[in-house]
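Chain letters run A, B, ... following the sequence lines, proteins first, then strands; residues in each count from 1. Predicted model, so just to flag it, every value in this text is computed and none were measured.
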There are 2 protein chains.
Amino acid sequence: MTTRTPGRPRAFDRDAALEKALVEFWRHGYEATSISTLTAAMGIRPPSLYAAFGDKRALFGECVRRYQERHGALVTRALTEEPTAERAIGRMLRELAADYTDPSHPPGCLIITATANHGPDCADVAEELRAMRLATKQRIADRIAADVRTGLLPDWTDVPGLATFFAAIIQGMSRQAQDGATRADLERVAAMAMHAWPHSPA
Amino acid sequence: MTTRTPGRPRAFDRDAALEKALVEFWRHGYEATSISTLTAAMGIRPPSLYAAFGDKRALFGECVRRYQERHGALVTRALTEEPTAERAIGRMLRELAADYTDPSHPPGCLIITATANHGPDCADVAEELRAMRLATKQRIADRIAADVRTGLLPDWTDVPGLATFFAAIIQGMSRQAQDGATRADLERVAAMAMHAWPHSPA
DNA sequence: CGGGATTTGTATCGAACGTTATAGAATGGG
DNA sequence: CCCATTCTATAACGTTCGATACAAATCCCG
């Protein structure tokens, strides 16, 4: 698999270049990031980009996958590792507050932001990210529903309503981070959001 | 002022064309809306657009002002007409839930969305909208602070924290509307958000 | 019914977009 | 050491971007 094929070897680090591209898409979104912006950030010329990644769309796809592995995974961990939905979502929000304001990368969430504006040519990219957002909301709903099923939450719990609420909180936190909110700001948002939890321990 | 000047009269309704432009910017954002998209929607040719509105940037400015008058005003009304900050913000969120999902225009909020993605050339437009968002957050803070001053809210109330929380709620509701949430969905988000209110009537 | 003023449609401007043809440079295999 | 193979750099492709030059058309005023 890692056997060397004949021919001139690649002169740049593919993984490092991908990370640079991710940062550009993260900061400026899909459509507003041009090939020349990408090549400048990645330190390569267009033919190298197209040879290594296919085209802009495919490169963005790899960036999204990388983002999901590196940053989206915290959602999965929080939702699966905590004993209750309340603790899971509380942890998720606290960790997102830290990640959205981590100065080592752009603020906010790539999945939420990158196709917020798009022309008619990028409808498919926008739809892909939208499907990912809906999937995350569904995973939140599933985690809450699990607690309803085990009796931890009352069976009159508004499961889809809570899922929509926390999805909105997450997206609002992302936007606030991009508008300059600090980690402490977002942690307070997260704490206040948890007051909406049904039968919260007063 | 409305005296007719000599010369060929304009063959299109400037106000109607402006409304069409607003809808385009609202749906696709500032940078993703091209001049050809605008002229097609407005039913005019580029020279007419430039003669009547200046350039794309100035046209967008007029659309933003129109949006503020037509849709942003509900925030001002809610924050000034209600006797308490809690009722003011509750009403604001309910009315935004209706406006963000009103089928007679694009979903969500223009000010929040239109420059979510932007290249380096549109930094000034993005900054203008960001300043408007920060101003709205500050108006929310001011309304809450007024209730603290009159003793309606305890003086340990986290005024900027609450303002950031509700700003995030509004932005999350806008995003949810664009992802397909219904008015009833957003009204539930609004109701849940009000549970974060300090000393909420249980 | 002429003449200055303004709008209109057509056609186009230079610049930037995503993408690629082409030719030279650098590798491993024979 | 030569060749097939792969990558790199330059330069350019056709298209679309925001914005206009131009001339025909339409108005008010005299």
S.K.: Indicate yes or no: does B:R66 engage B:D15 in a salt bridge with an N to O separation below 4.0 Å.
M.R.: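 Result for this pair is yes, salt bridge flagged.
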S.K.: May I ask you to list the residues of residues 16-34 of chain B, by number, that have any heavy atom positioned under 4.0 Å from an atom of DNA chain D?
M.R.: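 Heavy-atom contacts with DNA chain D come from B:T33, B:S34.
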S.K.: Select from B:P47 and B:K56 the residue whose nearest nucleotide in DNA chain D is closer to the 5' end of that strand.
M.R.: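 In this pair, the answer is B:K56.
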S.K.: Rounded to the nearest Å, what distance is computed from the CG atom of residue A:D55 to the P atom of nucleotide C:dT20?
M.R.: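 To the nearest whole Å, that distance equals 8 Å.
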S.K.: One thing to verify: whether B:E69 and B:R65 come together as a salt bridge, which I'm taking to mean a side-chain N less than 4.0 angstrom from a carboxylate O.
M.R.: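 No, this pair does not count.
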S.K.: Return the value, rounded to whole Å, for the distance between atom CG of B:D121 and atom P of C:dA16.
M.R.: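 That distance rounds to 9 Å.
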S.K.: Between A:R57 and A:E62, does any NZ, NE, NH1 or NH2 come within less than 4.0 Å of an OD or OE carboxylate oxygen?
M.R.: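 Between A:R57 and A:E62 there is no salt bridge, as every charged N stays at least 4.0 Å from the carboxylate O atoms.
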S.K.: Indicate yes or no: does B:R143 engage B:E82 in a salt bridge with an N to O separation below 4.0 Å.
M.R.: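 Answer for the salt bridge query: no.
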S.K.: I'd like to know if the side chain of A:S34 pairs up with that of A:T37 as donor and acceptor (distance under 3.5 Å, no hydrogens or angles considered).
M.R.: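 Checked: A:S34/A:T37 side chains pair up, N/O donor to acceptor below 3.5 Å.
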S.K.: Would you indicate what A:R45 reaches in the nucleic acid, counting non-hydrogen atoms under 4.0 angstrom: base, sugar-phosphate, or nothing?
M.R.: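 Result for A:R45 = base.
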S.K.: Taking C-beta and beyond as the side chain, do A:F25 and A:L59 meet within less than 4.5 Å on heavy atoms?
M.R.: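 A side-chain contact under 4.5 Å exists here.
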S.K.: Going 5' to 3' along DNA chain D, which are the first and last nucleotides with any atom under 4.0 Å from a heavy atom of chain A?
M.R.: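 Listed 5' to 3', the contact boundaries are D:dT5 to D:dT10.
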S.K.: Go through A:W197 and A:F166 one step at a time and tell me if the ring pair (Phe, Tyr, Trp, His ring centres under 6.0 Å) criterion holds.
M.R.: CA-CA 10 Å; A:W197 198 261; A:F166 286 108; 5.7 Å; yes
S.K.: Which comes earlier along DNA chain D counting from the 5' end, the contact point of B:Y50 or that of A:A11, where each point is its nearest nucleotide?
M.R.: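 Its nearest nucleotide being more 5', the pick is A:A11.
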S.K.: Which one, C:dG18, C:dG4, C:dT20, comes nearest to the side chain of B:P6?
M.R.: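 So the side chain of B:P6 is nearest to C:dG4.
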S.K.: Hey, is B:K20 close enough to B:E24 for a salt bridge, meaning N to O under 4.0 Å?
M.R.: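 Not counted as a salt bridge, because no side-chain N and carboxylate O are separated by less than 4.0 Å.
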S.K.: Has the side chain of B:R8 got a donor or acceptor that lies under 3.5 Å from a partner of the other kind on the base of C:dT7?
M.R.: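 Flag set: donor-acceptor pair detected.
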S.K.: How would you label the contact of A:P46 with the nucleic acid (heavy atoms, under 4.0 Å): base, sugar-phosphate, or nothing?
M.R.: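 Counting heavy atoms under 4.0 Å across all strands, the contact made by A:P46 includes a base.
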S.K.: So, B:Q171 and A:Q171: side-chain donor and acceptor under 3.5 Å apart, yes or no?
M.R.: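 On atom types as modelled, these side chains do not qualify, holding no pair under 3.5 Å.
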